[in-house]
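Just so you know, residue 1 is the first one in the sequence shown, and it goes up from there. Source: prediction; values computed, not measured.
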Amino acid sequence: QVQLVESGGGSVQPGGSLRLSCVASGYTYSSNCMAWFRQAPGKEREGVATIYRHGGRTWYSDSVKGRFTISQDNAKDTVYLDLSSAKSEDTAMYYCAGATMGDALCTTGGGERADLFRWWGQGTQVNVSS
């Protein structure tokens, strides 16, 4: 069993930056692939980024590549998502998720398969507006 709790959401101006955090507890070793998803009202849920526990290989969606950075501090069982150059279309509820998944799947499009992620946080809202 793994519990995930997100924090750090809030309002940010276009072009600004924000850091989201996801703290994992429980049998955290079971979750070797961590991801961030987001969903806006009336929109489809989309994968944003993934990171593999061992080695830190990452994947990003095309919409955020070059602007967002996913990172981890395994000693703290924490995964981060750094949003930079924020755009209005980044406004969404952001969810942290974890899965038992191999490196290949995790870092080559695993973030596009929400159904493969077993553990989910409650979400943290990000609003990008001027």
Side-chain angles (χ1 to χ4, degrees):
Q1 187 80 305
V2 177
Q3 295 80 45
L4 304 175
V5 179
E6 307 99 327
S7 63
S11 297
V12 62
Q13 294 182 335
S17 300
L18 197 68
R19 165 168 272 200
L20 307 182
S21 299
C22 173
V23 179
S25 61
Y27 297 104
T28 58
Y29 60 85
S30 297
S31 182
N32 53 19
C33 181
M34 300 297 297
W36 287 95
F37 292 81
R38 67 184 183 185
Q39 186 170 25
K43 302 293 185 179
E44 298 179 352
R45 180 180 298 184
E46 63 174 341
V48 176
T50 65
I51 186 167
Y52 192 65
R53 182 180 179 89
H54 308 289
R57 290 171 57 88
T58 59
W59 168 89
Y60 296 94
S61 68
D62 290 340
S63 63
V64 308
K65 192 175 299 181
R67 299 189 299 113
F68 290 10
T69 301
I70 187 170
S71 61
Q72 63 187 352
D73 185 340
N74 288 334
K76 296 181 178 180
D77 288 322
T78 301
V79 177
Y80 304 97
L81 184 68
D82 292 306
L83 292 68
S84 63
S85 301
K87 302 177 179 179
S88 60
E89 54 262 43
D90 295 324
T91 295
M93 182 73 75
Y94 284 72
Y95 297 93
C96 178
T100 300
M101 184 184 300
D103 181 34
L105 288 175
C106 183
T107 59
T108 57
E112 299 177 339
R113 295 290 305 278
D115 58 301
L116 298 179
F117 286 80
R118 185 179 305 170
W119 301 284
W120 292 83
Q122 81 290 344
T124 185
Q125 181 70 37
V126 173
N127 295 305
V128 183
S129 61
S130 59

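Atom CE of Met93 sits about 9.5 Å away from atom CD of Gln39, to the nearest 0.5 Å. Distance check, rounded to the nearest 0.5 Å: CD of Glu46 to NZ of Lys43 gives 10.0 Å. The distance from atom OH of Tyr52 to atom CG of Leu105, rounded to the nearest 0.5 Å, is 10.0 Å.
Counting heavy atoms from C-beta outward, Val126 and Thr91 have side chains that stay 4.5 Å or more apart. The shortest distance between side-chain heavy atoms of Ser63 and Arg38 falls below 4.5 Å. Side-chain contact between Tyr95 and Cys22: absent, with no pair of heavy atoms (C-beta onward) separated by less than 4.5 Å. Taking the side chain as every heavy atom from C-beta outward, Leu83 and Leu20 approach each other to under 4.5 Å. Counting only heavy atoms from C-beta outward, the side chains of Val79 and Ile70 approach each other to under 4.5 Å.
By the 30° and 60° cut-offs, the orientation of the rings of Phe37 relative to Phe117 is perpendicular.
Taking a cutoff of 4.0 Å between a charged side-chain nitrogen and a carboxylate oxygen, Lys87 and Asp90 do not qualify as a salt bridge.
The 12-atom threshold is not exceeded at CZ of Arg57, counting heavy atoms of other residues, nucleotides or ligands nearer than 6.0 Å.
Under a cutoff of 6.0 Å and an axis angle of 45°, Arg45 and Trp36 do not form a cation-pi pair.
Looking at Thr78, Asn74, Leu4, Asp77 one by one, the single match for side-chain contact (heavy atoms from CB on, under 4.5 Å) with Thr28 turns out to be Asp77.
Judged purely by atom type and a 3.5 angstrom limit, Gln122 uses its side chain to pair as donor or acceptor with the backbone of Glu6.
Side chain to side chain, Arg19 and Tyr80 fail the donor-acceptor criterion of an N or O pair below 3.5 Å.
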